[in-house]
> 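Have a look at this one.
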Amino acid sequence: MEKKHNIDEFKGQTRLPNFAIPKKYELHLTPNFSSCKFSGTVKINLSINEKTKFLVLNSLELAIQTTSFTNSYGKYTPCDVVQDDEDDILVLVFDESLCVGEGFLVIEFSGVLNEHLRGFYRCTYVDGEVKKNMAATQFEAVDARRCFPCYDEPALKATFKVTLSVPLELTALSNMRVENEKLDGELKTVYFEESPLMSTYLVAVVVGLFDHIEDTTTTGVVVGVYCPVGKSDQGKLALDIAVKSLEIYTKYFSVPYPLPKLDLVAVPEFSAGAMENYGLIVYRESDLLYHDLHSPPSKKQRITIVAAHEVAHQWFGNLVTMEWWTHLWLNEGFATWISFMVTNILYPEWNIWSQFLLETSNGLQMDALEKSHPIEVEIHHARSVIEIFDAISYEKGSAVIRMLQGYLGEVTFQKSLSTYITRYQAKNARTEDLWNVLSEVSGEPVNLMMNAWTKSTGYPVIHVQLTDNILEFKQSRFLLSGVQVDGQWIVPITLCVGSYERQKKFLLESRDGRVDISELVHYIGDDVNSNEKKHEEDSKENLWIKVNVDQSGFYRVNYEDKLAIRLRKALQNNYLLPTDKFGILDDGNALCQACEQSLSSLLMLVDAYRKELDYVIVSRLIEVCYDVLNIAIDAIPGSVNELKQYFINLLMYSAERLGWDSISGEDHSNSLLRGEVIKALATFDHDKTQQEALRRFQILLNDRNTSLLSANTRKAAYVAVMRSTAGESRTAFKSLWSFYKSNDVLQERDDILRCIASSTDPNVVLEALNLLLSDEIPDQDIIYVLGGISLEGSGIAVRWLKDNWERILVKYGAGLLLTNFISQIVPLVNSNEEADEIEAFFGSRMNPSISLNLNLSIEKIRIKARWIESVKQDHSLPDLIKQLSLRK
Ligand SMILES: [Zn+2]
């Protein structure tokens with residue numbers, strides 16, 4: 001029987017109705033680079049499974065010229081074509097019902113090659129001296145509908161046969177190989193092979209001028225890298241990584257790469273870092289191009305991780321795709337986790353898993369907010385998907401996977417993943433599908449274990465107490481706001497007692513747990529080795545206990561005082577692994593922000609890291625110093641200078657050992673650390689560092705290839721330049737800015753942008769922010785400026801945001817970039833009053849693509865306000881800070 005429908009039924013729905021299913025798209029696009037418009041035709045083979053007078057698909061900001069539906073009974077033209085821009089749908093209404101069975105829909109349409117870096121968009125490249133237009137696509141999550149009318153949902157997979165008519169001199173790229181090319185005057189029409197089944201968000205097209213290099217994997221897949229003209233040398237690193245990771249994944253998943261080719265292409269303007277479109281990974285240039293001389297080691301690492309991440313998606317995401325955006329984390333969490341695994345295989349000397357802790361820490365920070373969301377998050381409006389490309393999907397997602405892998409073991413885990421990919425290839429999957437496979441292979445109740453981790457917001461803090469060799473554990477949800485909320489997880493607890501050789505693990509399945517550690521305490525017996533002997537002096541009262549060994553679990557630990565003091569001693573005696581040292585610092589900082597521990601105890605803890613040289617630990621230490629300084633300005637203004645001095649003293653140990661100049665053959669992590677430490681010293685206004693930075697910057701201005709300012713220390717120099725720019729004099733800023741404008745090394749340009757808002761003078765910060773409203777900085781690069789606003793500039797930045805909101809909205813649209821204005825600026829201020837004002841301001845300006853970020857940002861302000869109040873109550877602090885600042 002035929003159901004009655006009217007158009008209103010299709011509005012306000014999260015998903016499209018399911019009575020017509022796409023099977024194959026033939027898409028022909030003709031971009032016009034002088035009018036900046038495009039025209040297109042799409043033929044969609046449909047399977048109609050319910051008699052209907054309506055066809056409902058997605059379309060946005062497209063002009064529809066003609067439409068018709070043809071099946072074996074004839075050709076039907078709709079009597080009404082309705083576009084709804086609220087729900088991004090196109091409804092075709094027919095007089096007669098379309099019968100169940102196969103047919104095809106043909107739509108002719110046109111659109112604008114927009115400037116907003118999404119859908120089908122234009123960007124410019126320089127040919128000789130002339131700026132010219134080119135075009136690229138970015139469809140994830142829901143912008144394929146801006147390029148052609150389609151069934152724009154990940155589960156509605158179809159094959160795609162793309163055809164492009166483009167100017168003769170340009171290169172046209174798409175997901176598949178070129179099958180045929182026909183010339184027609186100044187245009188050529190390029191026909192691509194038909195793709196295997198794929199989701200709309202993975203379709204891609206790039207038309208531009210490129211140089212190109214390629215290589216072939218051992219299994220015969222051709223991998224190409226497309227770079228700006230004259231820069232193909234800079235694509236070699238990414239090419240090498242792409243080829244190697246393709247080979248690693250082919251073995252790891254035991255499923256061959258599904259397409260005949262894989263291209264990586266760098267486009268001049270791109271909103272994200274890179275996008276994993278099937279067979280055509282599109283990049284922002286700075287995440288693909290590597291300059292042997294000018295790129296810092298951190299860039300080599302970034303390019304490796306990004307390439308390994310995007311190539312992983314070809315299986316995890318493209319071949320097996322999430323059924324709906326709720327399961328986005330299956331793509332991102334896995335690609336993040338596995339990119340570290342591959343990087344570790346390619347560069348074991350980088351010790352990259354310890355850097356994974358920085359990712360985990362980001363996830364822990366965001367998920368300690370009440371307004372965070374579960375890994376599996378309900379998506380009610382397609383436009384809000386953009387907001388969940390965040391620390392929860394990527395970092396918590398990957399950390400939870402690592403925790404599970406640690407519990408199940410590497411071999412079982414790999415076997416399960418390979419089974420999962422094989423079973424769901426060319427299909428879609430939900431989170432529970434993966435859990436089922438893991439349970440099947442491992443024999444463990446993975447579903448039960450993982451439910452709370454992915455379906456509920458937050459994570460536990462484990463309170464640990466020791467009474468007569470009995471360790472007591474108690475879990476509760478950790479929130480920075482201090483609010484008590486229920487929550488319970490199945491937590492894989494690991495612990496060691498006085499030595500890494502004395503370990504124990506168990507699952508904490510309820511709120512409380514008790515473990516008898518007598519046997520571990522009395523372990524020191526007959527076969528005492530030298531390492532044990534060192535610890536023998538530890539009497540029972542001194543025995544340290546570290547929970548969450550190697551920081552492999554996604555939770556925090558709060559030790560009772562006695563245990564915390566013992567751990568601090570163990571830290572000072574250097575008994576602990578770097579990962580555990582990191583964890584103790586990271587947890588200590590979070591517990592202090594949540595007002596569960598005093599700032600005094602955090603500062604004492606920090607003091608135990610005086611002689612630290614590990615890159616990951618010192619990076620975190622620097623972040624902790626920033627966090628504390630940020631609130632100290634309001635909480636203990638009289639002690640800020642001494643506090644800075646204390647932090648400077650802490651960092652001097654590593655700064656003096658590393659010096660300014662790279663040492664050939666030194667550790668990768670040492671060169672990373674040098675850049676971080678010197679930049680931090682410049683930010684804390686360490687006089688000697690600033691003077692030296694300015695001296696070296698002057699040399700750089702005269703000699704761009706000077707070895708006195710290597711790529712990894714330049715940011716420190718830029719910060720020093722900006723911190724010395726205050727008041728009327730703008731000379732130093734001007735010379736930095738002209739250095740930016742005359743520089744064509746991308747990473748240097750990005751690094752300059754990262755520092756130009758770091759002045760101590762709010763008016764200079766304002767000048768830097770105003771550049772974001774001009775055409776001086778490419779849209780894609782605003783994120784760098786926003787990430788580097790100084791503490792002194794925070795108030796003016798928030799005022800600037802409010803004053804210019806309408807302009808920002810027009811210029812940056814409702815996209816990925818817009819959310820950065822909220823997430824980077826709003827949390828800079830510290831008081832409840834300011835939070836109220838921001839809330840009131842955005843009350844009438846809310847839209848679905850900023851609401852989550854706004855709520856999170858406001859919560860962050862209120863957490864700081866509460867922390868400030870608690871710090872103000874601690875009257876012994878100024879004395880303690882004075883003492884600490886005098887310690888060398
Ligand atoms: Zn990804």
Side-chain angles (χ1 to χ4, degrees), residues 213-225 227 233-257 262-264 266 273-274 276 281 283 286-292 295-317 332-360 394-395 398-399 401-402 405-406 410-411 413-414 417-418 421 578-579 614-616 664-673 711-712 747:
I213 48 173
E214 64 177 43
D215 198 357
T216 308
T217 66
T218 47
T219 50
V221 180
V222 179
V223 181
V225 172
C227 302
D233 262 9
Q234 296 183 37
K236 282 182 184 162
L237 173 67
L239 177 61
D240 181 51
I241 305 296
V243 167
K244 286 177 178 157
S245 12
L246 211 75
E247 289 167 351
I248 293 171
Y249 294 131
T250 304
K251 281 200 193 120
Y252 189 85
F253 294 126
S254 322
V255 174
Y257 173 68
L262 173 64
D263 289 322
L264 284 61
E276 70 265 20
I281 302 172
Y283 274 82
S286 65
D287 278 344
L288 185 140
L289 303 179
Y290 180 75
H291 195 290
D292 281 332
S295 302
S298 56
K299 193 41 91 171
K300 184 171 185 180
Q301 186 183 305
R302 164 91 185 154
I303 287 169
T304 304
I305 289 180
V306 174
H309 178 115
E310 304 306 333
V311 175
H313 274 314
Q314 305 301 314
W315 284 263
F316 241 103
E332 300 308 345
F334 266 88
T336 303
W337 165 77
I338 212 165
S339 69
F340 277 77
M341 186 192 85
V342 166
T343 303
N344 191 46
I345 294 172
L346 297 177
Y347 297 100
E349 68 278 17
W350 286 359
N351 203 6
I352 200 72
W353 279 116
S354 78
Q355 291 192 45
F356 186 77
L357 294 180
L358 295 168
E359 308 274 322
T360 308
Y394 285 73
E395 278 116 2
S398 59
I401 289 161
R402 184 166 182 243
Q405 188 219 21
E410 277 179 37
V411 176
F413 205 69
Q414 169 174 10
L417 290 189
S418 148
I421 295 279
T579 43
D614 181 278
Y615 163 67
V616 177
S664 81
E666 72 181 333
D667 259 19
H668 173 72
S669 61
N670 275 356
S671 56
L672 295 182
L673 179 60
N712 67 356
Q747 280 120 36

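As the structure is a prediction and not an experimental result, all values here were calculated from the model. Side chains are part of it too, since the values below use all heavy atoms of this structure and drop only hydrogens, waters and symmetry mates.
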> Ignoring hydrogens, what is the shortest heavy-atom contact between Asn670 and Glu666? Give both atom names and the distance.
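Between these two residues, the closest heavy atoms are CB-OE1, 3.9 Å.
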> Is it the case that the side chain of Thr304 and the backbone of Lys300 share a donor-acceptor pair, with hydrogens and angles ignored and the cut-off at 3.5 Å?
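Yes, Thr304 side chain to Lys300 backbone: donor-acceptor pair under 3.5 Å.
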> Would you check if the side chain of Lys299 reaches a backbone N or O of Ser286 as a donor-acceptor pair within less than 3.5 Å?
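Yes; judged by distance alone, with no hydrogens or angles, the pair exists.
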> Would you sort out whether Trp353 and Thr579 count as a side-chain contact (heavy atoms from CB on, under 4.5 Å), showing the intermediate values?
CA-CA 9 Å; Trp353 279 116; Thr579 43; over 6 Å; no
> Decide if atom CD of Glu349 counts as having more than 12 heavy atoms of other residues, nucleotides or ligands within a radius under 6.0 Å.
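Yes, CD of Glu349 has more than 12 neighbouring heavy atoms, counting only those of other groups under 6.0 Å.
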> Compare every heavy atom of Pro578 with every heavy atom of Asp614, then report the nearest pair and how far apart it is.
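Here Asp614 and Pro578 meet closest at OD2-CB, 3.7 Å.
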> Report the distance from atom CD1 of Ile421 to atom CZ of Phe334, rounding to the nearest 0.5 Å.
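One gets 8.5 Å once the value is rounded to the nearest 0.5 Å.
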> Should the ring pair Tyr394 and His309 be called parallel, tilted or perpendicular, given that the plane angle runs from 0 to 90° and is split at 30 and 60?
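Taking His309 first and then Tyr394, their aromatic rings lie parallel (interplane angle under 30°).
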> Answer yes or no: does atom NZ of Lys244 have more than 12 heavy-atom neighbours from other residues, nucleotides or ligands under 6.0 Å?
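Not buried by this count: 12 neighbours or fewer within 6.0 Å.
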> Indicate the atoms forming the closest heavy-atom contact of Tyr283 with Ile281, along with that distance.
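Closest heavy-atom pair between Tyr283 and Ile281: CE1-CG2, 3.4 Å.
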> Within this structure, what is the CZ-CD distance for the pair Phe356 and Glu395, rounded to the nearest 0.5 Å?
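With rounding to 0.5 Å, CZ (Phe356) is 8.5 Å from CD (Glu395).
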> Measuring only between side-chain heavy atoms, which start at C-beta, is Phe253 closer than 4.5 Å to Ile338?
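In short, these two side chains touch, coming nearer than 4.5 Å.
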> Has Glu359 got a side-chain atom pairing as donor or acceptor with Ala399's backbone, closer than 3.5 angstrom?
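No: the side chain of Glu359 does not pair with the backbone of Ala399.
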> Measuring only between side-chain heavy atoms, which start at C-beta, is Leu672 closer than 4.5 Å to Gln355?
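Leu672 vs Gln355: side chains touch.
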> Verify, without hydrogens or angle tests, whether Asn712 (side chain) and Ser671 (backbone) share a donor-acceptor contact under 3.5 angstrom.
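Flag set: sc Asn712 to bb Ser671 pair under 3.5 Å.
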> Side chain of Gln314, backbone of Tyr257: donor and acceptor closer than 3.5 Å?
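Not at all, since once roles are kept as given, no pair shorter than 3.5 Å links the two residues.
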> At what distance, to the nearest 0.5 angstrom, does OH of Tyr290 lie from CD1 of Ile241?
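Going from OH on Tyr290 over to CD1 on Ile241, the span is 10.5 Å.
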> With rounding to the nearest 0.5 angstrom, report the CD to OG1 distance, Glu247 to Thr217.
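Answer for the CD-OG1 pair, Glu247 versus Thr217, is 5.5 Å.
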> Got a donor-acceptor contact below 3.5 angstrom from the Glu310 side chain to the Glu276 backbone?
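Answer holds: yes.
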> Hey, could you give me the OG1/CH2 distance between Thr250 and Trp315, rounded to the nearest 0.5 Å?
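Going from OG1 on Thr250 over to CH2 on Trp315, the span is 4.0 Å.
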> Does the side chain of Leu239 reach to within under 4.5 Å of the side chain of Val223, using non-hydrogen atoms?
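Of all side-chain heavy-atom pairs linking Val223 with Leu239, at least one is under 4.5 Å.
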> Would Tyr615 and Asp667 satisfy side-chain contact (heavy atoms from CB on, under 4.5 Å), going step by step from the backbone distance to the final call?
CA-CA 10 Å; Tyr615 163 67; Asp667 259 19; over 6 Å; no
> Any donor and acceptor pair, going by atom type alone, linking the side chain of Tyr249 with main-chain N or O of Ala308 inside 3.5 Å?
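Yes.
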> Looking only at non-hydrogen atoms, find the nearest pair between Pro296 and Ala711 and report the distance.
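Nearest heavy atoms, Pro296 then Ala711: N-CB, 3.5 Å.
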> For side-chain contact (heavy atoms from CB on, under 4.5 Å), just list the numbers for Tyr252 and Val342, CA-CA rounded to whole Å, side-chain angles, deciding distance to a tenth of an Å, and then say yes or no.
CA-CA 10 Å; Tyr252 189 85; Val342 166; over 6 Å; no
> Quick check for you: to the nearest 0.5 Å, what is the distance between Thr216 atom OG1 and Leu246 atom CG?
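So the OG1 of Thr216 and the CG of Leu246 are separated by 11.0 Å.
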> Please answer whether the main-chain N or O of Gly333 pairs with a side-chain N or O of Ser398 as donor and acceptor at a distance below 3.5 Å.
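Flag not set: sc Ser398 to bb Gly333 has no pair under 3.5 Å.
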> According to the interplanar angle, ranging from 0 to 90°, do the rings of Trp337 and Phe413 count as parallel (below 30°), tilted (30 to 60°) or perpendicular (above 60°)?
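Perpendicular.
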> So Asp287 and Arg302, do their side chains get closer than 4.5 Å, heavy atoms only?
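Of all side-chain heavy-atom pairs linking Asp287 with Arg302, at least one is under 4.5 Å.
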> Quick one, Tyr347 with His668, criterion side-chain contact (heavy atoms from CB on, under 4.5 Å). Give me CA distance, side-chain angles, the key distance, then yes/no.
CA-CA 10 Å; Tyr347 297 100; His668 173 72; over 6 Å; no
> Are Val306 and Leu288 side-chain neighbours, meaning at least one heavy-atom pair lies under 4.5 Å?
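SC-SC contact between Val306 and Leu288 ruled out.
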> Can you find a heavy atom in the side chain of Leu289 that is under 4.5 Å from one in the side chain of Cys227?
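Yes, their side chains come closer than 4.5 Å.
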> For the residue pair Ser295 / Gln747, report whether a side-chain donor-acceptor contact shorter than 3.5 Å exists.
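Ser295 and Gln747 do have a side-chain donor-acceptor pair below 3.5 Å.
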